[in-house]
Amino acid sequence: MKDILADLTSAQREAVTYGAGPLLIVAGPGSGKTRVVTRRIAYLLSQGVKPWQITAVTFTNKAAGEMLSRVEAIVGKTNMWISTFHSLCAKILRMYGNAIGYPSSYTIYDEEDSKKIVSQCAEELGSKAGKKNMSQLRSLISTSKNKDIEIEALAFHDRTFKADFLREVYTLYQQRLREAFAMDFDDLLLNTRELFVRHPKVLEEFHGRFNWLLVDEYQDTNSCQYQISRILASKTRNFSATGDPDQSIYAWRGAEMKNVFKFLKDYESAKTVYLEDNFRSTKSILQVADCVIRYNENRIDKKLVTSNPEGEKPVLLVCYGADEEAEWIAERIAAHVEAGGIYRDFAVLYRTSAQSRSIENALKRAVIPYTIIGGLAFFQRREIKDIVAYLRLIDNPMDIVSFLRATSVPPRGLGEKTIHRLHAFARSAGVSMIEAMAHAEEVPGVGRTIAKKIEKFRSELLAYAGVKKFPVAPLVSNIVETSGYKKWMRENDEDWIDREDNLAELHAFALEYDMSHPEDGSLTDFLANVALLSSLDMSDDSADRALLMTLHAAKGLEFPCVVICGLEEGQLPHARSINSLGEIEEERRLFYVGVTRAKKTLALTCALGRTSYSDFGIRKKSRFIKEAEYTFDTIDMIARDPDSLFSDGGGVEDYLDALLKVSKKKREEFKRHDVFTDEVSQIGADEIPVRPRKIGDKGKTYKVGQLVTHKNFGSGKIAGIDTQGLYRVLKVEFDDGFATSILEQFADLLVRDENR
DNA sequence: TCACAACTTCATAAC
DNA sequence: GAAGTTGTGA
């Protein structure tokens with residue numbers, strides 16, 4: 001008991017020792033939240049609560065694993081359930097899914113799998129949308145599920161698809177998933193809710209079992225997760241939720257931070273504990289966070305307090321482009337290590353994954369070891385998905401996505417048409433795919449040659465499954481060897497060496513699973529783990545390497561030194577969020593989360609020119625910089641010595657040179673892409689560090705119909721003038737047929753007399 | 001049905 | 001800059 005309550009503040013202690021009944025812990029960043037939750041679990045156990053009576057839900061499997069080992073460090077080995085919502089639901093559905101028509105070996109479809117079904121459905125419904133919009137269609141289905149709204153309602157927001165069509169696709173999609181005994185990620189939640197609502201007996205059993213529910217990161221629960229929590233807690237009301245509305249960053253996938261406030265209405269007798277003391281960051285770091293988050297209107301005011309020292313003042317780098325930004329970051333890390341620090345002290349955070357490229361390059365050049373957290377998940381790799389498809393097929397032969405995948409690598413002369421015929425046959429005859437394959441010649445549309453191939457594949461499958469479904473590792477090596485996959489890969493894939501390494505890693509992963517689950521392991525459980533492991537769970541952050549990750553991936557973590565890069569309008573806040581106040585506020589929270597990860601030092605960077613989508617654009621400083629401007633020191637590489645940039649008194653050319661620091665060729669591209677641009681929204685003319693006198697002719701105004709000459713493009717005509725925000729955009733048609741839009745203030749055009 | 005090439009389109013965050 | 005789609009011939 002002494003250990004459990006050691007080193008706790010009075011507020012923390014209050015949360016840890018609160019007894020039965022609803023408890024809301026509103027915990028700011030760095031306030032020792034994880035510690036409180038683990039200690040609370042330990043405390044409950046010490047009070048006689050049994051481990052199997054406790055269910056804790058966290059945000060990632062990794063966090064769940066860490067929490068479990070922290071609890072076990074205090075109370076010894078336990079068998080309580082600590083997992084993510086998705087894993088919890090997957091487990092519940094494995095136990096009771098048959099009540100709603102799913103076998104326990106149902107398959108979990110990831111985004112890619114689900115997209116295949118969606119496009120199959122759209123095609124079946126005669127959609128003319130083609131394959132290109134399938135991602136969007138799939139995400140509308142997901143949004144509908146995540147936000148608990150009818151899919152028809154989304155047609156008003158998204159004009160790409162008609163309401164009727166959306167409904168038809170949705171219905172057919174669900175039907176196809178059922179036929180394949182498969183669920184997508186969202187279904188795990190929806191089906192669990194349905195199970196509880198429609199089968200009170202099952203719920204009763206869980207009520208008898210989960211007397212204590214703890215949910216972490218409550219501000220990021222969506223409607224369905226919220227309801228599942230409420231349903232589970234409805235009997236005993238021993239429900240503690242932990243959250244911080246300011247750290248809600250998943251509204252885009254249905255999270256509702258208001259769930260935190262709602263808790264107090266849902267449970268009127270609820271006790272609320274505020275954890276406000278920050279034990280993580282220096283005063284000057286918290287000041288940055290505080291100044292920015294205050295701009296959010298949709299929030300409850302709270303201030304971050306710490307007794308930590310003032311610390312180093314955060315810095316902001318303003319530079320020309322992503323390369324300089326990256327170089328500066330590399331230098332900063334190198335200097336830190338030179339001064340006796342370690343690489344792992346550093347985390348470089350960015351808004352979008354694509355930003356990692358330039359940073360990686362700079363780190364490589366500077367020989368700084370690094371790890372990317374997140375990114376392309378191991379289990380998303382092609383060769384891994386291929387072999388996993390065999391495993392899934394053995395586990396659930398109705399899984400048509402895996403069926404198609406497995407039969408095509410290596411190719412066996414069985415194509416999409418054949419497999420669908422087979423699947424349809426199996427469904428109408430009410431038999432499994434394996435059985436349907438045994439009667440291949442009866443399947444309409446299947447000829448004798450193909451029937452033979454089917455038979456061959458059938459015996460191959462039976463040979464795998466005939467051995468044993470568990471342990472998994474031997475099954476993996478068996479498939480890789482005897483399916484001919486390895487041989488085929490060596491002959492057809494130039495990257496086969498890397499891929500074989502990855503397959504070896506898959507084998508090792510399976511082996512590890514087999515070893516750690518001698519009693520309770522199964523192929524089904526292994527596959528569920530594989531499906532629900534996020535890229536964050538897989539990454540190894542134990543080595544001494546600098547860490548690179550997105551701001552989202554940094555949630556819940558802390559680092560001695562943090563760099564947040566790309567603080568530009570369009571990047572952070574992201575361009576896709578810039579038009580909505582609510583989304584801007586979420587971007588601001590994202591920035592807030594990033595800043596509050598830092599313990600000792602914080603650096604922000606901002607590049608005023610950045611290439612994205614192979615298109616160069618001039619960017620404005622992020623509004624978040626302005627919101628906290630006096631809380632950091634600025635290193636302005638542009639303003640530092642403006643005259644040196646334009647030594648020969650030149651204008652645009654010199655500026656472009658300095659900005660791009662690249663060859664003439666690139667400059668030509670730049671001219672085409674930027675000064676003459678359609679993407680006016682990216683240009684913040686007031687931010688561009690150029691001499692006023694030379695760029696364009698600011699005083700000049702043009703009229704529609706005027707004949708003009710441009711020094712590079714020759715003669716043309718002003719075809720139209722648009723107003724975009726503060727700027728006027730000229731549409732110019734040149735005599736050679738080339739047409740473009742030019743920002744008026746950059747349009748260095750000579751007006752010709754019409755009569756000449 | 002399959003392999004390859006050429007082309008097009010796409011790109012926020014992720015369980 | 002990558003991944004998917006389409007088109008081609010075998």
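Every chain is numbered from 1, with letters handed out A, B, ... down the list of sequences.
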For nucleotides 2-6 of chain B, print each protein N/O atom paired with a nucleotide N/O atom at under 3.5 Å, atom names and distance only.
from   : atom 1 : to      : atom 2 : distance (Å)
dC2(B) : OP1    : R412(A) : N      : 3.4
dC2(B) : OP1    : G413(A) : N      : 2.8

Distance, rounded to the nearest Å, where [X] contributes [atom1] and [N] contributes [atom2]:
{"X": "L404(A)", "N": "dT1(B)", "atom1": "CG", "atom2": "C1'", "value": "13 Å"}
{"X": "Q219(A)", "N": "dA13(B)", "atom1": "CD", "atom2": "P", "value": "20 Å"}
{"X": "K555(A)", "N": "dC15(B)", "atom1": "NZ", "atom2": "C1'", "value": "11 Å"}
{"X": "Q225(A)", "N": "dC15(B)", "atom1": "CD", "atom2": "C1'", "value": "8 Å"}
{"X": "E111(A)", "N": "dA13(B)", "atom1": "CD", "atom2": "P", "value": "11 Å"}
{"X": "Y350(A)", "N": "dA13(B)", "atom1": "OH", "atom2": "P", "value": "10 Å"}
{"X": "E217(A)", "N": "dC15(B)", "atom1": "CD", "atom2": "C1'", "value": "14 Å"}
{"X": "I228(A)", "N": "dC15(B)", "atom1": "CD1", "atom2": "C1'", "value": "13 Å"}

Next item on the list: May I ask you to decide if the ring planes of F403(A) and F457(A) are parallel, tilted or perpendicular, using 30° and 60° as cut-offs?
Entry: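 Perpendicular, since the angle between the ring planes exceeds 60°.
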
Note to self: Tell me the closest heavy-atom pair linking I249(A) and D220(A), and the distance in Å.
What the structure shows: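 Where I249(A) meets D220(A) most closely, the heavy atoms are N-OD1, 3.2 Å.
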
Item checked: Nearest-nucleotide comparison on DNA chain B, the residue closer to the 5′ end among L532(A) and K453(A) ->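 The 5'-side residue here is K453(A).
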
Notebook entry, point to check: Mind checking what makes salt bridge (Lys or Arg N to Asp or Glu O under 4.0 Å) contact with D244(A), not counting sequence neighbours?
Noted result: K302(A)

Checklist line | Basic-acidic side-chain contact under 4.0 Å: E217(A), K555(A) | finding: yes

Item checked: E586(A) with R589(A): basic N within carboxylate O range, under 4.0 Å ->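 Yes.
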
Check: How far does the P atom of dG4(C) sit from the matching atom of dA13(B), given to the nearest Å?
Finding: 16 Å

Margin query: Strictly below 4.0 Å: does T352(A) bring a side-chain N or O up to OP1 or OP2 of dA11(B)?
Written below: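 No, because none of the side-chain N or O atoms of T352(A) sits under 4.0 Å from OP1 or OP2 of dA11(B).
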
Next item on the list: Check whether any side-chain N or O of T550(A) sits under 4.0 Å from OP1 or OP2 of dA14(B), and answer yes or no.
Entry: yes

Checklist line | dA13(B) pyrimidine/purine six-ring stacking with Y250(A), under 5.5 Å and 30° | finding: no

Notebook entry, point to check: dA14(B), dT1(B), dA13(B): which one has an atom nearest the side-chain heavy atoms of T418(A)?
Noted result: dT1(B)

Notebook entry, point to check: Looking at the side chain of A553(A), which of dC15(B), dA14(B), dA13(B) is the nearest nucleotide?
Noted result: dA14(B)

Item checked: Donor-acceptor pair between T221(A) and N259(A) side chains, under 3.5 angstrom ->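 Yes - a donor-acceptor pair under 3.5 Å links their side chains.
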
Next item on the list: Verify whether one side chain among S135(A) and K115(A) offers a donor that lies under 3.5 Å from an acceptor in the other.
Entry: yes

